[in-house]
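Every chain is numbered from 1, with letters handed out A, B, ... down the list of sequences. Here the structure is a predicted model, which is why all the values come from computation and not from measurement.
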Number of protein chains: 2
Amino acid sequence: MEAEQTTTAQLAQELRTTVGRLVRRLRAEPGPPVAQFTLLARLDRFGPASISDLATAERMRPQSMAQTVRDLERAGLVSRRPDPDDRRRAFVELTEAGHVMLSDTRARREGWLAEALERELDAGERETLHAGLVLLRRLADI
Amino acid sequence: MEAEQTTTAQLAQELRTTVGRLVRRLRAEPGPPVAQFTLLARLDRFGPASISDLATAERMRPQSMAQTVRDLERAGLVSRRPDPDDRRRAFVELTEAGHVMLSDTRARREGWLAEALERELDAGERETLHAGLVLLRRLADI
DNA sequence: TATTGTTATACTCTATAACTATA
DNA sequence: TATAGTTATAGAGTATAACAATA
């Protein structure tokens with residue numbers, strides 16, 4: 001089907017372009033780097049976790065996750081608590097400063113996204129967006 | 001509304017996480033770097049354009065776009081044609097090699113995304129995705 | 001003066017390779 | 001041997017600053 005194929009290819013390009021624009025928009029917002037903020041938010045929502053678990057959750061190499069954690073640790077925003085049952089592992093958790101940074105950023109600056117979702121989209125649109133994200137997630141996990 | 005706020009915050013986090021995963025997934029696919037491929041696809045679809053126009057279209061700094069164009073030019077995939085009406089400007093356009101690379105990549109490797117859209121999603125889901133992308137684009141353009 | 005474009009430089013993000021320590 | 005984690009290194013992607021040429 002010629003028309004169908006064209007549509008799919010266009011959708012692919014649209015997706016690529018839109019994702020690129022969105023990433024740049026997110027990055028432009030002041031506050032900690034996106035990857036670091038994402039990790040802080042994850043730790044806050046799901047609690048302490050090991051490097052491996054965090055890497056798996058974000059579909060990222062453990063070495064890459066280790067870098068992000070190292071940067072956050074140097075900034076004093078997360079700390080490590082050794083796993084008493086397995087001395088190879090350590091739980092990464094938010095420090096008090098990490099909590100403060102997170103809520104601070106959410107409230108003052110990085111809240112941009114949440115605010116935009118509230119302000120620019122109505123309830124129905126948020127549902128549509130959610131449905132779209134579920135599909136994007138599925139594509140990302142293939 | 002407490003519940004409403006929580007939902008919006010969660011949606012924001014979901015968006016952030018999903019976009020991150022998707023970017024990494026796209027990057028993992030073999031072929032030319034994502035930014036370069038995106039530009040090749042744009043030139044193919046919309047025709048020659050100046051650096052400034054391309055930067056505006058992708059919501060990117062002209063200096064950043066100049067880098068991408070320079071890399072593609074060095075690889076022989078795009079060329080510049082001076083604008084006869086304005087000697088500051090030049091039109092960036094696909095070379096024959098650029099066309100070949102584009103269709104080659106689309107067919108063999110980078111076609112992953114288009115294929116996935118065909119294979120993993122049905123027509124209704126593609127519509128939902130499209131609607132979601134329109135909203136994401138709106139958010140990116142705020 | 002404003003616009004188009006360039007080069008230099010730096011930061012973020014993430015990957016692969018090679019390694020240590022523990023299980 | 002397998003798993004958890006680290007450091008070293010490199011490449012992609014993009015930004016800001018400072019500049020040159022043209023309008």
Side-chain angles (χ1 to χ4, degrees), chain A residues 16-17 19-40 48-75 77-92 110 140, chain B residues 16-17 19-40 48-75 77-92 110 140:
Chain A
R16 207 183 295 280
T17 302
V19 165
R21 290 168 79 108
L22 194 59
V23 166
R24 284 188 288 274
R25 180 63 186 81
L26 288 170
R27 212 173 4 220
E29 206 64 18
V34 175
Q36 292 184 20
F37 179 79
T38 301
L39 183 54
L40 291 178
S50 71
I51 298 266
S52 304
D53 292 344
L54 293 171
T56 301
E58 300 281 2
R59 290 237 152 189
M60 192 184 291
R61 304 291 170 196
Q63 300 99 309
S64 301
M65 183 53 76
Q67 300 274 38
T68 304
V69 169
R70 190 193 59 187
D71 294 344
L72 284 171
E73 193 180 28
R74 281 178 182 167
L77 301 176
V78 304
S79 60
R80 299 173 203 238
R81 181 165 41 81
D83 181 343
D85 299 333
D86 184 341
R87 280 183 300 166
R88 292 172 306 181
R89 307 179 73 215
F91 291 105
V92 179
E110 193 69 41
Chain B
R16 206 183 296 281
T17 302
V19 164
R21 290 168 79 110
L22 195 59
V23 167
R24 285 188 289 274
R25 181 62 185 83
L26 288 170
R27 217 178 355 226
E29 206 63 19
V34 176
Q36 292 185 20
F37 179 79
T38 302
L39 183 54
L40 291 179
S50 72
I51 299 265
S52 304
D53 291 344
L54 293 171
T56 301
E58 299 283 0
R59 290 239 151 188
M60 191 184 291
R61 303 293 169 194
Q63 299 99 309
S64 303
M65 182 53 77
Q67 299 275 38
T68 304
V69 170
R70 190 192 59 185
D71 294 344
L72 284 171
E73 193 180 27
R74 281 177 181 169
L77 301 176
V78 304
S79 61
R80 300 173 203 238
R81 180 165 42 81
D83 182 343
D85 299 333
D86 184 341
R87 280 183 300 166
R88 291 172 306 179
R89 307 179 73 215
F91 291 105
V92 179
E110 194 70 38

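- Between the CZ atom of B:Arg81 and the P atom of C:dG5 there is a distance of 13 Å, given to the nearest Å.
- At a threshold of 4.5 Å between non-hydrogen side-chain atoms, the residues A:Asp71 and A:Leu77 do not count as touching.
- Using a 4.5 Å cut-off on side-chain heavy atoms (C-beta onward), B:Glu29 and B:Arg25 make contact.
- Put simply, the side chain of A:Glu73 does not reach to within 4.5 Å of the side chain of A:Val92, judged on heavy atoms.
- Between B:Arg74 and B:Arg70, the closest side-chain pair of non-hydrogen atoms falls below 4.5 Å.
- The CZ atom of B:Arg89 sits 16 Å away from the C1' atom of C:dT6 (whole-angstrom rounding).
- Contact record, A:Arg80 with A:Ala90: CB-CB, 4.2 Å, taken as the closest heavy-atom pair.
- No contact: A:Ala28 has no heavy atom under 4.0 Å from any strand.
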What string of B, S and - do you get for nucleotides 15-23 of chain C 5' to 3' if you count protein non-hydrogen atoms under 4.0 Å? BBB---BBS
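- Closest-nucleotide positions on DNA chain D for A:Ala66 and B:Gln36 were compared, and the one nearer the 5' end corresponds to A:Ala66.
- Atom-to-atom, CZ of B:Arg70 to P of D:dT14 comes out at 14 Å; the value is rounded to the nearest Å.
- Scanning residues 48-55 of chain B for heavy-atom distances under 4.0 Å to DNA chain C yields B:Ser50, B:Ile51, B:Ser52.
- Here D:dT14 presents its C1' atom at 14 Å from CG of A:Leu26, a figure rounded to the nearest Å.
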May I have the list of side-chain donor-acceptor pairs in residues 54-61 of chain B shorter than 3.5 Å, sequence neighbours left out?
| residue | atom | partner | partner atom | Å |
| --- | --- | --- | --- | --- |
| B:Thr56 | OG1 | B:Ser52 | O | 2.9 |
| B:Glu58 | OE2 | B:Arg42 | NE | 2.9 |

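- Nearest-nucleotide mapping onto DNA chain D: of A:Pro62 and A:Gly20, the residue sitting toward the 5' end is A:Pro62.
- The distance from atom CZ of A:Arg25 to atom C1' of D:dA15 is 15 Å, rounded to the nearest whole Å.
- The structure places CG of A:Leu22 at 12.5 Å from OG1 of A:Thr17, a figure rounded to the nearest 0.5 Å.
- The shortest distance between side-chain heavy atoms of B:Val78 and B:Gln36 does not fall below 4.5 Å.
- When every heavy atom of A:Phe91 is checked against every heavy atom of A:Ser50, the shortest pair comes out as CD2-N, 4.3 Å.
- Separating the CD atom of B:Glu29 from the P atom of D:dA12 is a distance of 16 Å, rounded to the nearest angstrom.
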